[in-house]
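Here is the structure we will look at, set down as structure tokens.
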Amino acid sequence: MINRRRLLAIAVVGAGLSVLGFGAIPVARAQPPIPVAAAPTSVGAEVMVLHATQTPGAGSIDPQIGNLPQLTKPPFSAYNTYKLLDRKALVLEKLKPTAYTMVNKRVLQVTLQDITADNRYKVAAAINQPSGTGDAFLKLLEVTASPNETFFVAGQTYEGGILVIGITIKP
């Protein structure tokens with residue numbers, strides 16, 4: 001007759017051998033959470049300052065500007081010559097104004113307001129007097145732009161024409 005302790009020991013050892021003989025038993029373990037990508041808080045932007053004038057003849061668009069068909073359509077078609085005066089890459093941080101001093105010494109401030117669920121960019125732009133004195137030329141313009149789509153701020157008189165500022169968000 002096998003006593004109870006010996007029977008319990010044989011059963012435990014037997015169970016261990018059967019586990020080894022048939023492979024491991026899967027054990028459920030908590031998996032670490034999959035990280036969710038945080039919404040970006042900054043984005044690149046390109047600012048182009050163009051000088052638009054009305055000249056006799058067909059006019060021209062500076063090849064350095066690139067392909068911007070908007071310049072050949074109203075209201076921009078009121079000017080037939082466009083020259084690139086400056087181009088600057090900026091980094092826009094969410095809710096932090098980024099300043100850029102233009103050729104006429106006025107200060108353009110561009111602010112990334114938000115990024116929408118469909119990956120469009122809410123951007124605010126304002127143009128101030130030099131050193132922030134006096135009234136703003138452009139108090140505030142808010143635009144929702146798609147990536148790599150140029151939007152324009154225009155109308156400041158400059159050397160016989162106007163300045164046209166093109167802003168392109170470059171994610």
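Keep in mind that what you see is a predicted model, and the values were worked out from it rather than measured.
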Taking the side chain as every heavy atom from C-beta outward, state whether [X] and [Y] have any atom pair closer than 4.5 Å.
| X | Y | value |
| --- | --- | --- |
| Val110 | Ile167 | yes |
| Gln109 | Asn128 | yes |
| Gln113 | Lys94 | no |
| Leu50 | Ile165 | no |
| Pro97 | Leu92 | no |
| Thr116 | Lys122 | yes |
| Gln156 | Ile127 | yes |
| Val103 | Tyr158 | yes |

Would you say the ring centroid of Tyr82 lies under 6.0 angstrom from that of His51?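 When the ring centroids of Tyr82 and His51 are compared, they turn out to be at least 6.0 Å apart.
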Rounded at 0.5 Å granularity, tell me how far [atom1] in [X] sits from [atom2] in [Y].
| X | Y | atom1 | atom2 | value |
| --- | --- | --- | --- | --- |
| Asp118 | Ser146 | CG | OG | 7.5 Å |
| Thr41 | Leu95 | OG1 | CG | 10.0 Å |
| Ser77 | Gln70 | OG | CD | 12.0 Å |
| Thr98 | Glu93 | OG1 | CD | 6.5 Å |
| Leu68 | Lys73 | CG | NZ | 11.0 Å |

Hey, can you pull the donor-acceptor pairs under 3.5 Å for the side chains in residues 56-64, sequence neighbours left out?
residue: Asp62; atom: OD1; partner: Gln64; partner atom: N; Å: 3.0
residue: Asp62; atom: OD2; partner: Leu84; partner atom: N; Å: 3.2

Where is the tightest heavy-atom contact between [X] and [Y], given as atom of each residue plus distance?
| X | Y | result |
| --- | --- | --- |
| Leu108 | Ala125 | CD1-CB, 4.3 Å |
| Thr150 | Gly166 | CG2-CA, 3.9 Å |
| Gly160 | Thr53 | O-CG2, 4.1 Å |
| Ile169 | Pro171 | O-CD, 3.5 Å |

Quiz question: by atom type and distance under 3.5 Å, do the side chains of Tyr121 and Asp114 form a donor-acceptor pair?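 No donor-acceptor contact under 3.5 Å links the two side chains.
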Thr55: what forms a side chain to side chain donor-acceptor pair (under 3.5 Å) with it, not counting sequence neighbours?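 Testing Thr55 for side chain to side chain donor-acceptor pair (under 3.5 Å), a comparison that skips the adjacent residues, returns Asn80, Thr81.
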Are [X] and [Y] connected in the hydrophobic side-chain network, where two residues link if heavy atoms are under 4.5 Å apart?
| X | Y | result |
| --- | --- | --- |
| Tyr79 | Met48 | yes |
| Ile162 | Phe76 | yes |
| Phe152 | Val107 | no |
| Met102 | Ile65 | no |
| Val123 | Ile115 | yes |

Does the pair Glu46 and Lys88 meet the rule for a salt bridge (charged side-chain N to carboxylate O under 4.0 Å, His left out), with working shown? CA-CA 6 Å; Glu46 179 183 73; Lys88 176 89 175 184; over 6 Å; no
Check against side chain to side chain contact (heavy atoms under 4.5 Å, CB included), Thr168 and Val47: CA-CA 7 Å; Thr168 307; Val47 174; over 6 Å; no
